[in-house]
Structure formats: structure tokens, C-alpha cells
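Okay, structure first, notes after.
Atoms within a ligand are numbered from 1 in the order they appear, just like the ligands themselves.
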Amino acid sequence: MRLKDKVALITGAGSGIGRESALLFAKEGAKVVVADVSENGGEETVALIKKNDGDAAFIQANVANPAEVKAMVGFAEKTFGKLNVLFNNAGIFHDQDDSVTTTEESVWDFVMNINLKGVYLGCQYGIPALLRAGGGSIINTASFVAIMGAAAPQIAYTASKGGVLAMTREIAVEFARKNIRANALCPGPVETPLLAKLLSDPARRQRRLVHIPIGRFARATEIANAALFLASDESSYVTGSTFIVDGGITSAYITPE
Ligand code: NAD
């Protein structure tokens, strides 16, 4: 088992990539703290893990709220005795996030608070816990849009993910000699509830599909597999990386017909 004896905390584990990662981490022997703002989603993930004889516990936490993030990390240490893996996965995509010239400041603030400040808070409270455990692995979810611009804009989302990528590099460098690794996971478009509305529009779906050399969107399990590698000791020499799992999008100039 690739995560035997490890305690992993995953934010946004009530759906999509976070849920698939929680299920996979538990299958690989980790004790999993499922954190989510959604009680239903989080409890359902825990129930799925327990059904497979895994070990998990749910805590409701909004990653944009410092007191709740502090309590979330405390809960992990209290429940399972330590913290080895911190997966800052929670993130949102806002319907009204569009061009820089039209996106409302309230939308910008809302997205930034969850996607960027949420990761900062996770690291602020999570890193001391990782240090208490003798080190560990941080996975921060950015996106391929942290690296590439799109003419179909989503300015706050893109800026937030660029921030996550830059912040993760700096954290990796600062804590490298303290046995903490930090990597930015950069998925391409994944079929999860986050993009469900956007991808249900055939024109918007096709507009994105033509840029993916592999010719399809990712499955959440494919991103979870990458997270598992980054969480495990198999990636012991990988830190500060921009870990791209995008079906070839960022390598393509023209994709096959
Ligand atoms: P999802 O919508 O399926 O799941 C996100 C989960 O986060 C939900 O359970 C939600 O309740 C939770 N959440 C939302 N706001 C929260 C908050 N303030 N505090 C705690 N939990 C909160 O989304 P997903 O597609 O699985 O996305 C997971 C991560 O991957 C996000 O950071 C997203 O930006 C990123 N990502 C997704 C895609 C994609 O195409 N789906 C691509 C690149 C990156």
C-alpha cells in the first residue's frame, strides 16, 4: 500500500477530484480527513470509504475562513494523531467570471478568497502540523490555465490559479530542507461537477475539446492518480514542480483532427 501509516487531509473532498483522491488514498492505506464546506458531500465520501473498509473522518470547513481551517488541521491531528499529506484541492469556478473588463469585483473577491487565500490558509495552518510529524507532502491544485491564456476568459479563476502555482514554488523552496515537499497539480479540463454546466453546452464543450491532443476530457480518477504519486514517498525527489496532467494541452500548437 502506497500510503500506509499516513494521514492525509483533502479539502473539497466531497466531490470530483477531491472525492476520487480520498477514495484512492484510503485504498492505499491512508487515514483520510475529508474536509468540505458541503456536509452532504463530505459525509457521503466518508461513507464510501468506510464501505470499502477504509478509515476516514469528515470535518465541515470553509477554506476561506481562517478559524475553520485552523480547526480542520486540529481535527486531523486530534482524530488520527498527525498530518503527513495536505491536499489543498478545494476550488470553485464562478458563472459570472469572465473578461477582466466586465467581471464584478465581488466575483473576483469570492473566487480569490476560496481558490487562492484558501490555499494560503491551508498552508499557514497545515505546515506547522506537517513539521510536527517530521515533514510531509503538500499538493496544491492549480490548473493548466495557470500556464496558458484562453480567449474564452475567466479572469479571476485564471489569476487565482497562477497565484497558487507561484505560491507553491516558494513554499517548496522555503521548506525543502525541513522535509516538506510542495507541488502544484495542474489538471486540464476534467469531467466533474465544477465544469458540468459549461461542458453541457455543446458549442462550449467542442471549443475546448479541439485543444486536447488526447481527444477527451480527463476523468477525476486520472487526476487522483497523479495526486497519489505526489502524496506518496515515490515522489520523494519531486518538489516545486508544475505537475501537469492535461492530455497534452500545454504541449500543443495544432492538435490532430
Ligand atoms: P468539484 O466542484 O467537483 O468539487 C469541489 C469541492 O470543493 C466541492 O465538494 C465543494 O463543496 C468544495 N468546496 C467549494 N468551496 C469550498 C470552500 N470554500 N471550502 C471547502 N470546500 C469547498 O470540483 P473539481 O473539479 O473536483 O475541482 C477540484 C479542484 O480542481 C479545484 O481547485 C479546481 O479548480 C481544480 N481544477 C478542476 C478542473 C476541472 O476541469 N474540473 C481543472 C483544473 C483544476
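The backbone N or O of V100 sits nowhere less than 3.5 Å from a side-chain atom of T103 that would complete a donor-acceptor pair. A distance-only check finds a donor-acceptor pair linking the side chain of D97 to the backbone of Y157 [under 3.5 Å].
Atom NZ of K6 sits in a crowded spot, with more than 12 heavy atoms from other residues, nucleotides or ligands closer than 6.0 Å. Summarising the local packing, CZ of R216 is surrounded by more than 12 heavy atoms from other residues, nucleotides or ligands at distances under 6.0 Å.
E44 has a carboxylate O that lies under 4.0 Å from a charged side-chain N of R19, or vice versa, which qualifies the two as a salt bridge.
In this structure, F87 and F25 have parallel ring planes: the angle between them is below the 30° cut-off, well short of the 60° mark.
Ligand 1 lies under 4.0 Å from heavy atoms of G12, G14, S15, G16, I17, D36, V37, S38, A61, N62, V63, N89, A90, G91, I92, I114, T141, A142, S143, Y157, K161, P187, G188, P189, V190, T192, P193, L194, L195.
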